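Only this structure's heavy atoms are used, side chains among them; waters, hydrogens and symmetry mates stay out. Quick caveat, the model's predicted, so the values are computed rather than measured.
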Amino acid sequence: MTLLDRVPGLEFYPSIHRYRYKGEWLPYTVTQVLDHDLKPFLRAQFEKTKHGPDGWKARGDAIHKVFANHLRGEGSIHDDKWSPWIDTLLAEPLLQDITPLAVEQPLVNTIKRVGGTPDAIFVKGDDIYIADLKTVSKKEGVSSRKEALPQLGAYLEFAASCHHGVYVTKLVTIIAGPGKCKVRFSELEKATDAWQDAWGRFSVLQPDF
C-alpha cells in the first residue's frame, strides 16, 4: 500500500487548532466536542499543568514530533530529557515492521462539520490500524491512562468517509511514559458508540447555522 492522499480542500491550522474545508472554516473539532463538558476542576488541572518547559504541552509536542518523523522515515532532534519516553515508544513491538498510510493527516466529517487528525494510520500484517498517541508524566501513570475511545471512534468515522476502500480493523491508544509504553486496543463498535454519544451531548447545545 502507498500513502493515502490528503483530503482535497482540507487544511489544518495548528496555531489556532482550526480546520478549513474548501475555503470555509469548520465550526468544530474533535477536541472541542470531547472537551465541552469537562468538569471545571479537571479543566483547571489541565490548564495548570499545561505550560512551561516541563508542561504536558511541551512534552506532548516533542514526543509527537519524534513519533511522526519516525513514521515518515525522517530524523528529528529532541531534548535529551524526553529520551526516556521516546526510546521506549520507538521500541514498542507493535510499531515494528509497519507500513504507514497516513501520519498526522487531517480528516473531516462534512455532515457534522468536524475536523480531526489521528496520529497515524498504518498497516501491520493483515490489519489496518488507527493509532492515537498519549503521553503521561510518570511511569506509574502509564497503566492507569484510559484508552482514547471516543476520539478513536471519531477518527474511524472520518476515515471511512474520507478514504473509501480503506477498511480499518484495529483501533489502538499508545501510551508513552518515561521508561514504559503500553498499548490499549479498542473495539470498533464501542469506539463508534462512545463518539456518537459524545457528539450527541455536544450537538444538542449548539445553535442552528
Side-chain angles (χ1 to χ4, degrees), residues 1 4 7 17 19 26 28-39 41-43 45-46 56 60 63-64 67-68 71 89 92-96 98-136 140-177 180-206:
M1 283 189 169
L4 298 171
V7 178
H17 201 81
Y19 294 84
L26 295 175
Y28 313 123
T29 69
V30 171
T31 301
Q32 180 184 358
V33 172
L34 299 184
D35 288 355
H36 87 279
D37 57 357
L38 197 64
K39 289 180 170 50
F41 171 76
L42 290 177
R43 192 180 299 277
Q45 285 297 105
F46 286 147
W56 59 258
I63 296 168
H64 275 79
F67 179 61
L71 294 180
L89 170 64
E92 165 56 44
L94 176 66
L95 300 177
Q96 311 311 308
I98 65 174
T99 302
L101 296 180
V103 181
E104 294 185 342
Q105 186 185 105
L107 299 174
V108 62
N109 181 305
T110 57
I111 304 301
K112 292 184 173 76
R113 293 175 295 170
V114 186
T117 305
D119 290 317
I121 303 176
F122 62 82
V123 178
K124 187 179 178 75
D126 295 326
D127 290 302
I128 297 179
Y129 292 73
I130 291 180
D132 191 69
L133 171 63
K134 302 296 184 186
T135 70
V136 295
E140 297 77 20
V142 172
S143 295
S144 59
R145 185 65 163 85
K146 294 181 180 179
E147 57 192 308
L149 196 63
Q151 196 170 356
L152 288 168
Y155 299 149
L156 177 65
E157 177 183 271
F158 294 10
S161 62
C162 292
H163 298 302
H164 301 292
V166 176
Y167 300 104
V168 175
T169 55
K170 300 280 188 182
L171 301 174
V172 63
T173 307
I174 304 168
I175 305 160
K180 186 176 181 179
C181 184
K182 185 179 182 68
V183 296
R184 291 187 180 277
F185 293 97
S186 299
E187 294 180 20
L188 274 64
E189 185 176 353
K190 286 186 177 180
T192 297
D193 289 346
W195 164 243
Q196 294 296 350
D197 179 64
W199 170 253
R201 287 184 283 107
F202 173 80
S203 62
V204 296
L205 301 177
Q206 306 310 307

Within this structure, what is the [atom1]-[atom2] distance for the pair [X] and [Y], rounded to the nearest 0.5 Å?
{"X": "H64", "Y": "L133", "atom1": "NE2", "atom2": "CG", "result": "4.0 Å"}
{"X": "H163", "Y": "L101", "atom1": "NE2", "atom2": "CG", "result": "9.0 Å"}
{"X": "L4", "Y": "L107", "atom1": "CG", "atom2": "CG", "result": "9.0 Å"}
{"X": "T173", "Y": "K146", "atom1": "OG1", "atom2": "NZ", "result": "12.5 Å"}
{"X": "L188", "Y": "L171", "atom1": "CG", "atom2": "CG", "result": "4.5 Å"}
{"X": "T99", "Y": "Y129", "atom1": "OG1", "atom2": "OH", "result": "12.0 Å"}

Only counting residues at least two apart or in another chain, list the ones meeting side chain to side chain contact (heavy atoms under 4.5 Å, CB included) with [X].
{"X": "R145", "answer": "K134, V136, I175"}
{"X": "T29", "answer": "H17, Y19, T31, Q32"}
{"X": "T169", "answer": "D127"}
{"X": "K112", "answer": "N109, V114, E157, W195, Q196, W199"}

I'd like to check the side-chain hydrogen bond (donor to acceptor under 3.5 Å, both in side chains) partners of Y155; sequence neighbours left out, ordered by chain and number.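 Per chain and number, Y155 pairs via side-chain hydrogen bond (donor to acceptor under 3.5 Å, both in side chains) with Q151.
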S203: which residues meet the side-chain hydrogen bond (donor to acceptor under 3.5 Å, both in side chains) condition with it, sequence neighbours left out?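 Expected list: none.
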Among all residues two or more places apart in sequence or in another chain, which pass the salt bridge (Lys or Arg N to Asp or Glu O under 4.0 Å) test with D197?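 Applying salt bridge (Lys or Arg N to Asp or Glu O under 4.0 Å) to D197 gives R201.
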With sequence neighbours excluded, residues passing salt bridge (Lys or Arg N to Asp or Glu O under 4.0 Å) with K170: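 For K170, no residue satisfies salt bridge (Lys or Arg N to Asp or Glu O under 4.0 Å) once neighbours in sequence are set aside.
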Stepwise side-chain contact (heavy atoms from CB on, under 4.5 Å) test for K124 and L94: CA-CA 8 Å; K124 187 179 178 75; L94 176 66; 3.9 Å; yes
Validation row: [X], [Y] side chains within 4.5 angstrom (heavy atoms):
{"X": "I174", "Y": "C181", "value": "yes"}
{"X": "F185", "Y": "V172", "value": "yes"}
{"X": "D119", "Y": "L71", "value": "no"}

State, to 0.1 Å, how close [X] and [Y] come at their nearest heavy-atom pair, and which atoms those are.
{"X": "A176", "Y": "V142", "value": "C-CG2, 4.4 Å"}
{"X": "T117", "Y": "P106", "value": "OG1-CA, 3.5 Å"}
{"X": "I130", "Y": "P118", "value": "CG2-CB, 4.0 Å"}
{"X": "T135", "Y": "G60", "value": "OG1-CA, 4.0 Å"}
{"X": "A131", "Y": "F122", "value": "CB-CE2, 3.7 Å"}
{"X": "K182", "Y": "S143", "value": "CD-CA, 4.2 Å"}

Can you pull out every side-chain hydrogen bond (donor to acceptor under 3.5 Å, both in side chains) where at least one residue sits in residues 183-194? Sequence neighbours excluded, please.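 Of all non-adjacent pairs touching residues 183-194, those that pass side-chain hydrogen bond (donor to acceptor under 3.5 Å, both in side chains) are E147-S186.
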Among residues two or more places apart or on two chains, list those pairs meeting salt bridge (charged side-chain N to carboxylate O under 4.0 Å, His left out) that have a residue in residues 98-110.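 For residues 98-110: R72-E104.
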